[in-house]
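Here is the structure we will look at, set down as C-alpha cells.
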Amino acid sequence: MDDTSRSTRSLQMQAHFAGEWQSSSDGAEVPVTSPATGRQIGTVPKLTRDDALRAIDAARRAFVNWSALTAAQRAAYLKRWHALILREREGLAQILTLEQGKPLAEARAEIDISAAYVEWFAEEGRRVYGDVIPSPAMGRQTIVTKHPVGVTCAITPWNFPASMITRKVAPALAAGCTMLVKPSERTPFIALALAELAEEAGIPAGVLSVITGSSRELVKVLTDSPTVRKLSFTGSTEVGKELIRQCAGTVKRMSMELGGNAPIIIFDDADIGPALDGLMALKFRNGGQTCVCANRIFVQQGIAEAFTQAFVERVGGLKIGAGDAPGIQIGPLINAAAAQDMARIVARAVEQGATVLAGGIANDTDSAFYPPTVLGDVTPDMDVARDEIFGPIAPLLVFDDEAEVIAMANDTPYGLASYIYTRDLARAWRVSDALEYGMVGINEVAISNEVAPFGGVKESGFGREGSRYGIDEYLDVKYRCMGGLSA
Ligand code: SIN
C-alpha cells in the first residue's frame with residue numbers, strides 16, 4: 001500500500017482560485033511528505049507570482065456580489081459547508097493524520113472544532129449590529145454601521161492545518177469578505193479538501209481560494225497587494241514581525257496569532273489528579289506542537305517531589321507511533337528536522353544543569369519521532385525555559401510562593417496562554433489578574449473553542465479569533481453624521 005491510499009478521501013492536488021482547480025502556469029510542483037514515513041504522498045502546484053495576482057483579482061471581483069448578499073444568505077452557504085465537513089469527517093481526519101502526523105483521535109477532534117467555527121460564524125454573521133449614539137447637537141443623528149473590510153488573506157500553519165483555516169475563513173466570509181488562504185507547504189491537502197467541500201456547498205467562485213507553493217514568494221504578493229485589505233496569520237513571532245513590516249506599505253489590517261511560552265502553575269493546594277490530567281493533555285496534545293501548550297511547568301515546593309514522580313510515571317506510559325495506528329497518543333513531529341531540534345534543546349538544557357527524568361534520548365537523524373521528555377532541575381534562566389519548545393519536552397521548575405511564581409511566569413516577551421491549578425478562589429482571581437496573558441485557564445486546560453476569544457498580548461500578537469470578537473477582525477466601522485434633521 002503506498003502512502004496516498006491511506007486516506008479514504010482522495011487527495012486534491014491542484015490549487016483553487018477563480019472558481020477553478022488550477023496548476024501552476026509554469027507547471028512547477030512542490031512535493032508533500034508524510035511525517036510518519038518520510039515518504040512523498042503527493043504534490044501541489046508551485047504557483048507563480050502571476051498566478052497569485054490572478055487569484056487576488058478573482059477575489060476582488062467576487063467581493064462585489066458576496067458582500068452584497070444578506071447575512072442570512074451567506075449563513076446558508078456556510079451552514080452547507082459545515083454539514084459537508086461533518087459528513088466527510090473521517091476522510092478529512094485521515095488526510096490530516098497522513099500529512100500532519102497527529103493521532104487520528106486528535107485529527108477527528110480537529111475536524112469537529114473546524115466545523116464548529118464554520119457554524120458559529122454562520123450564526124454570528126447575522127448579529128453584526130451597529131449603533132445609534134445620542135447626538136451632541138440638535139437636529140443630528142450619529143449612526144455607526146459595520147462593513148466587510150474587502151479582500152482578505154490567511155497564512156495558516158501546519159500544526160492545526162484545518163481549524164486554523166476555518167477559524168479565519170468562516171468569520172471573513174460571514175462578514176462579507178472574500179479570502180485567499182495560503183496553507184503551509186507541509187500541510188496543503190487538508191486546505192484543498194476544505195476548498196472542495198466549500199465548492200460543493202455552492203460558495204461562489206473567487207470567494208474562497210487556496211493558493212499553494214512557496215510561502216516566501218506568494219506571501220510577498222499578498223502583502224504587497226493594495227487590493228488585499230487584511231492579513232490574518234498564525235505562526236511564529238519571528239515570521240509575524242516580518243509580515244507586520246511587509247504589510248506596512250499598504251497599511252493593512254492584521255491579526256497576529258504568534259508564539260507562546262505558556263506557564264502552567266500548580267499550587268500546593270491544587271487538586272492533584274485533575275492537575276496531572278490537565279498537564280498531560282496540555283503538554284502532549286499534537287506532540288507539544290501547539291502555541292498554547294505548557295512550555296514551563298511551575299510546581300510549588302510542598303508537592304514538587306510527589307507531583308514529579310507521578311508525572312514521570314504517566315509520561316513513561318504514553319504510546320508513541322504513527323498517528324493512524326490504534327491507541328497512539330503521540331505521533332511523529334512534523335519532520336525529522338523538528339525531532340533533531342528537540343534533541344538539541346535537551347542537550348543544551350542538560351549542559352545548563354537540567355536533569356533528564358524521562359525520555360530525552362539522542363535522535364536518529366532520519367526520524368520525525370521524538371520521545372516525550374521530562375526535565376527536572378530547570379531554572380528560569382535556561383534556554384529551555386526562555387524559548388518556545390514546540391515539541392514533547394516538559395521542563396519542571398519548582399517555586400516557593402505566589403509573588404515569586406507570578407514574576408517568573410511574566411518574565412517573557414510572550415503573552416498568549418497561561419494556566420493555574422489551585423482550589424483557593426481568591427488566589428485564582430488574584431493570580432489570573434496578575435498574569436500578563438491573553439488567556440488564562442483556571443483548573444482547566446481545554447481553553448480553545450469557537451465561542452471564546454483566542455489571542456495574545458505582548459509579542460504573542462494581537463487580534464482575536466473565535467467568539468463574537470472574531471468577526472470584528474473582518475469588519476470596518478463607518479460613522480455617519482446626519483445633519484439638518486430639525487423640524
Ligand atoms: C495553536 O495555534 O497552536 C493552538 C490552537 C488551538 O488550540 O486552538
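In listed order, ligands and their atoms are each counted from 1. Model, not experiment: these values are computed from the prediction.
With a 4.0 Å cut-off on non-hydrogen atoms, Arg167 touches ligand 1 through its side chain and not its backbone. Contact annotation for Met164 and ligand 1: only side-chain heavy atoms (C-beta onward) come within less than 4.0 Å of the ligand. When non-hydrogen atoms are compared, ligand 1 lies under 4.0 Å from neither the backbone nor the side chain of Ile113.
Listed by number with element, the atoms of ligand 1 under 4.0 Å from a non-hydrogen atom of Asn159 are 1 (C), 3 (O). Here is the list of ligand 1 atoms found below 4.0 Å of a heavy atom in Thr290: 3 (O). Contact atoms of ligand 1 toward Ser448: 6 (C), 7 (O), 8 (O) (distance under 4.0 Å to a heavy atom of the residue).
Between Phe399 and Phe267, the ring planes lie perpendicular to each other; the angle is over 60°, past the 30° to 60° tilted range.
Side chains of Lys182 and Ser215: a donor-acceptor N/O pair is present below 3.5 angstrom, by distance only. A donor-acceptor contact closer than 3.5 angstrom is absent between the side chains of Ser255 and Lys168.
Electrostatic pairing of Glu200 and Arg80 does not count as a salt bridge here, judged by no charged N lying under 4.0 Å from a carboxylate O.
Taking Arg285 as the reference, nothing meets the salt bridge (Lys or Arg N to Asp or Glu O under 4.0 Å) condition, with sequence neighbours excluded.
Heavy-atom neighbours of Glu313 CD from other residues, nucleotides or ligands within 6.0 Å: at or below the threshold of 12.
The nearest heavy-atom contact from the protein to atom 3 (O) of ligand 1 is Cys291 N, 2.7 Å. The protein atom (non-hydrogen) at minimum distance from atom 7 (O) of ligand 1 is Arg285 NH2, 2.7 Å. Of the protein's non-hydrogen atoms, Phe160 CE1, 3.7 Å is the one closest to atom 4 (C) of ligand 1.
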Less than 3.5 Å apart, which donor and acceptor atoms pair up between the side chains of residues 276-284 and the rest of the protein, not counting sequence neighbours?
{"from": "Asp277", "atom 1": "OD1", "to": "Arg314", "atom 2": "NH1", "distance (Å)": "3.1"}
{"from": "Asp277", "atom 1": "OD1", "to": "Arg314", "atom 2": "NH2", "distance (Å)": "3.1"}
{"from": "Lys283", "atom 1": "NZ", "to": "Ala294", "atom 2": "O", "distance (Å)": "2.8"}
{"from": "Lys283", "atom 1": "NZ", "to": "Gly391", "atom 2": "O", "distance (Å)": "3.4"}
{"from": "Lys283", "atom 1": "NZ", "to": "Ile393", "atom 2": "O", "distance (Å)": "2.8"}

